[in-house]
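Scroll down for the structure; my scribbles are underneath it.
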Number of protein chains: 2
Amino acid sequence: MSNPNTSLSTNAVILAVDGDVPKLRTVDKQGRLALPSGVLEETDRTIQESIRRWVMSQTGLELGYVEQLYTFGDADRVDAQTDSRLLSIAYIALVHVEDALDESWASIYDLFPWEDARSSEALMSRLQIAQQLLRGGGQQQLRAKIAFGEAGTQGDGVRALERYELMYEAGLLAEAGGSKSYGQPMYLDHRRIAATALSRIRGKITYRPVVFELLPERFTLRELQTVVEALSGERLHTQNFRRLVESGGLVAGTGEMVTPPKGGRPAELFSFRSEVLFERPKPGLK
Amino acid sequence: MSNPNTSLSTNAVILAVDGDVPKLRTVDKQGRLALPSGVLEETDRTIQESIRRWVMSQTGLELGYVEQLYTFGDADRVDAQTDSRLLSIAYIALVHVEDALDESWASIYDLFPWEDARSSEALMSRLQIAQQLLRGGGQQQLRAKIAFGEAGTQGDGVRALERYELMYEAGLLAEAGGSKSYGQPMYLDHRRIAATALSRIRGKITYRPVVFELLPERFTLRELQTVVEALSGERLHTQNFRRLVESGGLVAGTGEMVTPPKGGRPAELFSFRSEVLFERPKPGLK
DNA sequence: TATAGTTATACTCAAAGTGAGCATAACTAA
DNA sequence: TTAGTTATGCTCACTTTGAGTATAACTATA
């Protein structure tokens with residue numbers, strides 16, 4: 001390393017969807033919520049391989065889809081113990097978990113309550129924040145307009161990171177030492193990393209069929225829609241969603257039917273049609 | 001650094017468009033074409049700031065748009081001199097250069113001749129490569145279908161990296177030590193980094209108004225189209241392009257007219273309308 | 001000075017895609 | 001049997017997109 005006062009680690013944002021709740025795997029770090037982290041070993045042929053290795057050994061999780069997220073290296077990322085600048089290469093990973101998830105998983109929307117536009121309470125929270133930022137005036141106001149929309153509630157899902165950064169700069173987050181504090185804070189800038197992951201995955205599902213990594217082999221269209229809604233934080237028009245999925249050739253019916261949990265007409269079980277990758281340039285949802 | 005046998009540096013893919021030729025800034029490294037590189041200093045508050053600093057001091061270029069590209073860390077990235085694993089955080093940067101560019105700039109399509117679908121010769125090169133890969137059978141054939149399209153020539157511009165990787169694995173590139181070799185090779189995996197940048201910028205221009213970073217303050221719609229075509233490597237329908245740009249609210253007419261280089265009806269000079277950022281969620285081209 | 005060549009710009013039209021809603025089918029629970 | 005619930009089929013207006021025709025406004029040259 002050119003600079004001896006810098007240390008390198010890797011972090012993973014491991015995502016899963018538990019019913020209609022998107023969650024990420026956390027660990028405890030000095031009493032705070034943190035992302036799992038590991039170290040690149042000489043035996044790791046690639047960084048991605050390294051992530052898979054240490055995630056497996058630390059959590060026992062076999063990762064499905066894995067992609068590099070971002071490398072964080074701001075000067076204020078310092079380890080309290082060693083006092084060295086922490087460089088972190090963060091990855092995003094998707095896992096499918098059959099059983100209900102335990103407490104080592106945190107709900108994404110506990111971290112970012114304002115990002116859940118599915119419920120009206122969450123929307124209220126967003127509106128409150130937006131109005132505060134829109135009052136700010138100047139550059140902040142302009143950026144808030146982009147991030148939250150003129151009305152304060154129509155902000156694009158993919159702008160989750162921009163919203164987080166605006167709130168951080170405005171002192172609305174515990175990490176920034178502000179008085180008012182929205183959402184569950186995390187160790188160092190780990191919540192920012194999580195926000196980066198949320199933005200990334202929201203964008204990705206629109207042009208790549210990655211949602212299926214979060215679903216079982218066979219699923220109903222309602223289950224698929226619920227997962228997409230959970231990640232995007234938005235409600236979708238069921239009929240149009242179905243049209244999109246079917247006309248997009250993303251799924252194939254299996255002929256088998258299951259009855260929905262709360263009763264109602266039985267739904268067909270579908271499976272992902274991987275052939276769609278050869279047929280369409282950007283196969284995604286929404 | 002946790003691992004003493006690893007060294008860290010940063011690289012920059014600095015892009016500019018010279019007439020209708022997209023170029024990137026290069027340096028000489030052990031007799032080979034390489035990307036400029038620098039080291040993160042303790043005084044650099046952020047990695048991006050570091051890039052701007054050393055690019056300025058090495059090349060005198062004031063960077064416009066800068067974004068993180070990817071962090072490369074495969075085990076086979078080893079420095080011949082020190083024998084240590086090289087970790088590199090790569091950034092992409094856009095600059096506007098008034099004057100013609102000198103030899104320190106390489107044409108993107110000298111590196112990736114098959115990526116230029118504007119000329120029929122370049123398209124022939126792509127077809128030849130595609131057919132070779134499509135013959136491969138098995139997994140390679142399937143991936144080639146995605147990357148190049150069934151016919152071999154309609155591959156999505158944004159899949160430049162996938163095409164590069166397929167060619168690398170098939171031994172069609174000098175870096176992989178293959179017999180046949182397409183395009184100008186570079187030091188280590190720098191051509192792969194450049195391919196990553198090409199894919200990224202091609203995607204980016206479709207939903208963010210970054211092209212304007214490559215143009216002067218005022219420009220004609222033809223100049224704008226030429227830059228977009230240069231980056232995307234595709235010809236566009238002029239009338240529809242104009243409609244897209246104008247109806248998208250991306251530009252504002254200045255009222256001033258200029259006569260095109262080869263004669264013809266004078267064209268109006270336009271400028272970028274930055275207000276579009278507040279009006280549309282994804283203001284871009286194509 | 002007429003005419004060909006060149007580029008800019010306006011407009012049309014069909015096809016495809018999208019947002020919203022109505023209608024019906026097929027189940028469960030009371 | 002009936003209300004409640006979910007799945008699924010279908011329509012319709014509106015927008016977006018791809019492709020083409022037409023015309024305007026210049027330059028260069030016979």
Side-chain angles (χ1 to χ4, degrees), chain A residues 19-20 117 154 156-157 205-207 215 218-229 232 234-271 276 279-286, chain B residues 19-20 117 154 156-157 205-207 215 218-229 232 234-271 276 279-286:
Chain A
D20 63 351
Q154 339 114 295
D156 194 352
I205 57 176
T206 65
Y207 62 92
L215 284 160
R218 281 128 42 92
F219 47 83
T220 65
L221 294 184
R222 162 52 55 187
E223 288 166 340
L224 175 58
Q225 184 179 343
T226 299
V227 170
V228 172
E229 289 179 338
S232 68
E234 287 169 19
R235 291 249 169 271
L236 301 173
H237 180 114
T238 304
Q239 298 94 314
N240 289 350
F241 179 78
R242 164 187 277 283
R243 178 177 63 189
L244 185 68
V245 169
E246 293 199 302
S247 75
L250 285 160
V251 297
T254 65
E256 279 174 272
M257 312 294 280
V258 286
T259 297
K262 291 175 208 161
R265 176 171 168 178
E268 186 171 4
L269 283 173
F270 289 80
S271 61
V276 73
E279 299 161 0
R280 309 200 141 227
K282 294 191 162 186
L285 295 167
K286 247 191 40 156
Chain B
D20 63 349
Q154 339 113 296
D156 193 352
I205 57 176
T206 66
Y207 62 93
L215 284 161
R218 281 126 43 90
F219 46 83
T220 64
L221 295 183
R222 162 52 55 187
E223 287 165 341
L224 176 58
Q225 183 179 344
T226 299
V227 170
V228 172
E229 288 179 339
S232 68
E234 287 169 18
R235 290 248 168 269
L236 302 173
H237 180 113
T238 303
Q239 299 94 312
N240 290 348
F241 178 78
R242 172 187 204 77
R243 177 177 64 190
L244 185 69
V245 169
E246 293 201 300
S247 76
L250 285 160
V251 298
T254 65
E256 278 174 273
M257 313 293 281
V258 285
T259 297
K262 289 175 207 159
R265 176 170 167 177
E268 187 172 3
L269 283 173
F270 290 81
S271 62
V276 73
E279 298 161 1
R280 309 199 140 227
K282 294 191 161 187
L285 294 168
K286 251 195 39 160

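In what follows, chains carry the letters A, B, and so on, assigned in the order in which the sequence lines appear, proteins first and then strands, with residues in each chain numbered from 1. For the numbers below, each heavy atom of this structure counts, side chains included, while hydrogens, waters and symmetry mates do not.
The CG atom of B:L269 sits 11 Å away from the P atom of C:dA8 (whole-angstrom rounding). Atom CD in A:E256 sits roughly 19 Å away from atom P in C:dA26 (whole-Å rounding). Note: CD (A:Q225) to C1' (D:dT8) measures 12 Å, nearest angstrom. Between A:K262 atom NZ and C:dA30 atom C1' there is a gap of 18 Å when expressed in whole angstrom units. With rounding to whole Å, B:N240 atom CG is found 13 Å from C:dA15 atom C1'. One atom, NE2 of A:H237, and another, P of D:dT11, lie 15 Å apart when rounded to the nearest Å. In this structure, A:M257 atom CE and C:dT28 atom P are separated by 12 Å, rounded to whole Å. Between the CZ atom of A:F241 and the P atom of C:dG17 there is a distance of 18 Å, rounded to whole Å.
Between A:R243 and C:dT18 there is no side-chain polar atom (N or O) within less than 4.0 angstrom of OP1 or OP2. Contact annotation: B:R265 does not reach the phosphate of C:dT9 (side-chain N/O to OP1 or OP2, under 4.0 Å). In this structure, B:R222 reaches the C:dA8 phosphate: one of its side-chain N or O atoms is under 4.0 Å from OP1 or OP2.
A donor-acceptor pair is defined here as one N or O able to donate and one able to accept, closer than 3.5 Å; such a pair exists between the side chain of B:E229 and the backbone of B:L236. Remark: the backbone N or O of A:R243 is not paired with any side-chain donor or acceptor of A:E246 at under 3.5 angstrom.
The side chain of A:P260 lies closest to D:dA7, out of D:dT8, D:dA7, C:dA26. In this structure, of C:dT9, D:dT8, D:dT17, it is D:dT8 that holds the atom nearest to the side chain of A:R242.
Nearer the 5' end of DNA chain C, as judged by each residue's closest nucleotide, is the contact made by A:Q239, out of A:Q239 and A:G264.
By the 4.5 Å heavy-atom criterion applied to side chains, B:L221 and B:F270 are counted as neighbours.
Within the nucleic acid shown, B:G263 comes within 4.0 Å of sugar-phosphate atoms alone, with no base atom in reach, counting heavy atoms only. Nucleic acid contact for A:E268: sugar-phosphate only, since backbone atoms but no base atoms lie under 4.0 Å from a heavy atom of the residue.
Across every non-hydrogen atom of A:M257 and A:P266, the tightest pair is CE-O, 3.8 Å. When every heavy atom of A:G248 is checked against every heavy atom of A:V276, the shortest pair comes out as O-CG2, 3.3 Å.
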